[in-house]
Amino acid sequence: MNNLRLLRHLQRVRNGEGLRWMASQHKRRPQLGQLPPDRLEQLRSDLFERRQELACDEWLEVRRSLVDGHKHINAHNVDAVILGVCSGPRQLALAKNYVEFLRSQGSEPNAATLGRLLRVYNAAYQERPLSATEHAEILKICETLQANHETLDAISCEHLIHGLVATNDDWQRALPLLEMMKVTSTPSVAAYSALAGKAFSSAEKPEHLELAWRLLEEMALSRKLPRCEVYLALFARIAKQPGKLPKQLRRLLQFLERHEILVSQRVAERLRDLAQQLPTPRILEAKVTQLGALGKCQACQQHLQPVAISDEQFRQLSECFLERVLIRRDVFQRSSPEEVARFKKYVERTAPYDCVIDGLNVAYSTGTKKSPQQLAKLVATVVRHFREQDKRVLVLGREHMRSWSKQAMHYVQNNASLFLTNNLSQDDPFLLYATLRSGQETDFFSRDLMRSHAFHLGPELKPIFRRWQQEHQFSLVTQTQSGQIIVKEPIRHRLCAHEVSGGTWHVPYCEAYTQHPSDSFEVPANWLCLKLSP
């Protein structure tokens, strides 16, 4: 894909040279010269996708036009660029033809080129079974690359992984390559997904199945979301063994719940199809549903589980927060131990609060190019919103806020507790500490999603923190021209996959897979209502 982006930006080369595209197989072969940016996709569609091989002179013209047409393409990387264009599942023959052309010219393909060729083998494997000859070709390429390089870079490892998972019996040779990637970086979503999907589809042995689940957990803990193909491989496996479906599907649902993962519509539709194809319908029922008011499922008429955490979970969260987040070294780099101690004493003296407000976050939430008077007035308006509900409020801010509008800040001081940190402090740890210290019923007001703080709490406490955050976080949507504010209130029911009663699960899904889903608390528009037998 990166090569395609690069190709799209190729510039025109020498005037007078054109590329005449082949209208049919019966007309003269195209003459390859100029490659304008708006015709590069046509190079793929009108030439590469129509041909199984090119003559030597044609390949020479393709190489020359690419090297001459763009300063970032040179003799060293042009071969990998070409194989990046010849990357479709039906272009394996053409990609192999190009490698044969290189060898006929006395040029041995480099590691990047052979790696790209492995990706084309994998693309073909996704569409059809590979032959024994093609398996042997993959293994020969992998052995060549590993023999020439004692340690491979992460990209080369990923290429080899994609090649090896396309084989029947040698895919486990990719596991050391995944470990090799970890030396210099976190393995990519593509590498993890390719191996996990292969382990699911090859789960004839129990250890293969456990390997797949281990890889999924590693991915999720590294904040990498499995691709759709991983789930589809699991569904294909359990479709062949309906008796094992309840256990494996329940394990998947618990995984989605634990890591708050939304599957794609493609996965959700395959799950519905699976339910319809089962010989015993009672094993699994799957219906598309929508949520009514207060999270009521329109299919089963049950309410989604409340997002609230237990008293014991809240106790664990409160006790661990100070140690893992507030007093971490990177917080002290911007807040002195003395300031942390001063803040803790202030909270002990003035808590509990009903709501803790991030003053600067509120002030700048409708734009930063406003006068100090406007900023202070917005903070005062938010304080008034909670004071009118007879709430006890704490406002956290910075020392420079003392110079803001005296009238507005005077209102804040008279109607809320006010703690101002030095101008280099981080606000979020203070905000969360004061909120947690005040008890289970206390809310906080901020638009910050608190991603880093959730991450630093670790895999056990992170989901608890996220549920607590969802229930207690208010934020400002906008301020009208009349000065009124529109406040976003917390959503009280769960937004991830979860079980509402014995065997009844609700599973949200999104339209398309994305590696970087939003951490905001928005109600998914699409849900499945599942009934799974014990």
Side-chain angles (χ1 to χ4, degrees), residues 122 126 154 157-158 161-162 164-166 171-182 185-241 244-271 274 284 454-455 458-464 466 495-499 505 507-510 512-517 519 524 528 530 532:
N122 184 274
Q126 300 298 329
C157 286
E158 185 174 315
I161 289 171
H162 278 80
L164 289 168
V165 298
W171 64 271
Q172 293 182 77
R173 291 169 57 176
L175 293 173
L177 295 168
L178 190 74
E179 296 304 312
M180 191 181 293
M181 294 180 75
K182 295 177 183 178
S185 62
T186 303
S188 64
V189 170
Y192 265 128
S193 295
L195 264 173
K198 186 67 175 185
F200 273 134
S201 62
S202 304
E204 298 174 358
K205 298 179 181 179
E207 56 265 31
H208 292 171
L209 196 58
E210 291 307 312
L211 169 63
W213 286 115
R214 178 175 65 79
L215 292 172
L216 283 188
E217 287 292 338
E218 281 187 21
M219 291 186 72
L221 293 176
S222 299
R223 293 191 281 186
K224 297 181 181 297
L225 299 187
R227 289 183 172 176
C228 303
E229 288 73 17
V230 180
Y231 306 119
L232 300 181
L234 173 60
F235 295 161
R237 188 68 199 175
I238 60 182
K240 300 174 183 177
Q241 301 172 317
K244 296 183 178 180
L245 183 145
K247 180 180 179 181
Q248 291 302 315
L249 185 53
R250 187 172 287 107
R251 188 170 183 177
L252 173 62
L253 295 173
Q254 290 169 348
F255 168 78
L256 298 177
E257 176 182 17
R258 186 163 57 253
H259 297 290
E260 298 185 333
I261 295 174
L262 267 67
V263 297
S264 70
Q265 182 173 336
R266 180 184 175 196
V267 174
E269 289 176 350
R270 180 67 189 95
L271 188 54
L274 179 62
L284 174 66
F455 174 74
E460 293 182 4
L461 280 176
K462 178 184 174 181
I464 295 175
R466 289 278 296 165
L495 303 177
C496 64
H498 66 278
E499 189 174 14
W505 283 77
V507 181
Y509 61 93
C510 52
Y513 169 81
T514 174
Q515 291 191 36
H516 306 289
D519 286 331
L528 282 181
L530 303 180
L532 186 62

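Just so you know, these numbers come straight off a predicted model, no measurement behind them.
Under the 4.5 Å side-chain criterion, counting only non-hydrogen atoms from C-beta, Leu271 is not in contact with Val507. At least one side-chain heavy atom of Asn122 sits less than 4.5 Å from a side-chain heavy atom of Gln126. Using a 4.5 Å heavy-atom threshold, the side chains of Val267 and Tyr513 count as separate. Within the 4.5 Å cutoff, the side chain of Leu215 has no heavy atoms near those of the Phe200 side chain. Contact annotation: the side chain of Leu253 approaches that of Leu530 to within less than 4.5 Å [non-hydrogen atoms, C-beta and beyond]. Put simply, the side chain of Leu528 does not reach to within 4.5 Å of the side chain of Val263, judged on heavy atoms. Counting heavy atoms from C-beta outward, Lys182 and Pro187 have side chains that approach closer than 4.5 Å. Looking at heavy atoms from C-beta onward, Leu256 lies in side-chain contact with Tyr231 at the 4.5 angstrom threshold.
Using a 4.0 Å cut-off between charged nitrogen and carboxylate oxygen, Arg214 and Glu217 do not count as a salt-bridge pair. Glu257 has no carboxylate O lying under 4.0 Å from a charged side-chain N of Arg466, or vice versa, which leaves the two without a salt bridge.
Residue Ser188 holds its OG atom at 8.5 Å from CE of Met219, rounded to the nearest 0.5 Å. Distance check: Leu209 CG to Arg251 CZ gives 6.5 Å after rounding to the nearest 0.5 Å. In this structure, Leu225 CG and Ser264 OG are separated by 11.0 Å, a value rounded to the nearest 0.5 Å. Between Ile238 atom CD1 and Leu284 atom CG the span is 8.5 Å, to the nearest 0.5 Å. Between atom CG of residue Leu232 and atom OG of residue Ser201 there is a gap of 11.5 Å, rounded to the nearest 0.5 Å. Taken from CG in Leu216 to CD1 in Ile261, the straight-line distance is 8.0 Å, to the nearest 0.5 Å.
Counting all heavy atoms, side chain and backbone alike, Ala212 lies closest to Ala196 at CB-O, 3.8 Å. Taking each heavy atom of Trp171 and Ala199 in turn, the nearest pair found is CH2-CA, 3.8 Å. For Arg266 against Cys228, the heavy-atom pair with the smallest separation is NH1-CB, 3.9 Å. In terms of heavy-atom proximity, Ala194 sits nearest to Ile161 at CB-CG2, 4.4 Å. Residues Ala191 and Met181 approach most closely at CB-SD, 4.0 Å, considering heavy atoms. Leu262 and Cys510 get closest at one heavy-atom pair: O-SG, 4.2 Å.
Each of Glu158, Glu218, Arg227 was scored for a side-chain hydrogen bond (donor to acceptor under 3.5 Å, both in side chains) with Tyr192, with one residue passing: Glu218.
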Step-by-step side chain to side chain contact (heavy atoms under 4.5 Å, CB included) determination, Leu195 to Leu175: CA-CA 8 Å; Leu195 264 173; Leu175 293 173; 4.0 Å; yes

Residues His259, Leu221; criterion side chain to side chain contact (heavy atoms under 4.5 Å, CB included); working and verdict: CA-CA 8 Å; His259 297 290; Leu221 293 176; 3.9 Å; yes

Trace of the side chain to side chain contact (heavy atoms under 4.5 Å, CB included) decision for Lys244 with Arg237: CA-CA 10 Å; Lys244 296 183 178 180; Arg237 188 68 199 175; over 6 Å; no

Criterion side chain to side chain contact (heavy atoms under 4.5 Å, CB included) on Trp505 and Gln254, from CA distance to verdict: CA-CA 10 Å; Trp505 283 77; Gln254 290 169 348; 3.9 Å; yes

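Looking at Ser193, its side chain never comes within 3.5 Å of a backbone N or O of Ala190 through a donor-acceptor pair.
Heavy-atom neighbours of Lys247 NZ from other residues, nucleotides or ligands within 6.0 Å: at or below the threshold of 12. Heavy atoms of other residues, nucleotides or ligands lying less than 6.0 angstrom from CD of Glu460 number 12 at most.
Side chain to side chain, Trp213 and Gln248 meet the donor-acceptor criterion of an N or O pair below 3.5 Å.
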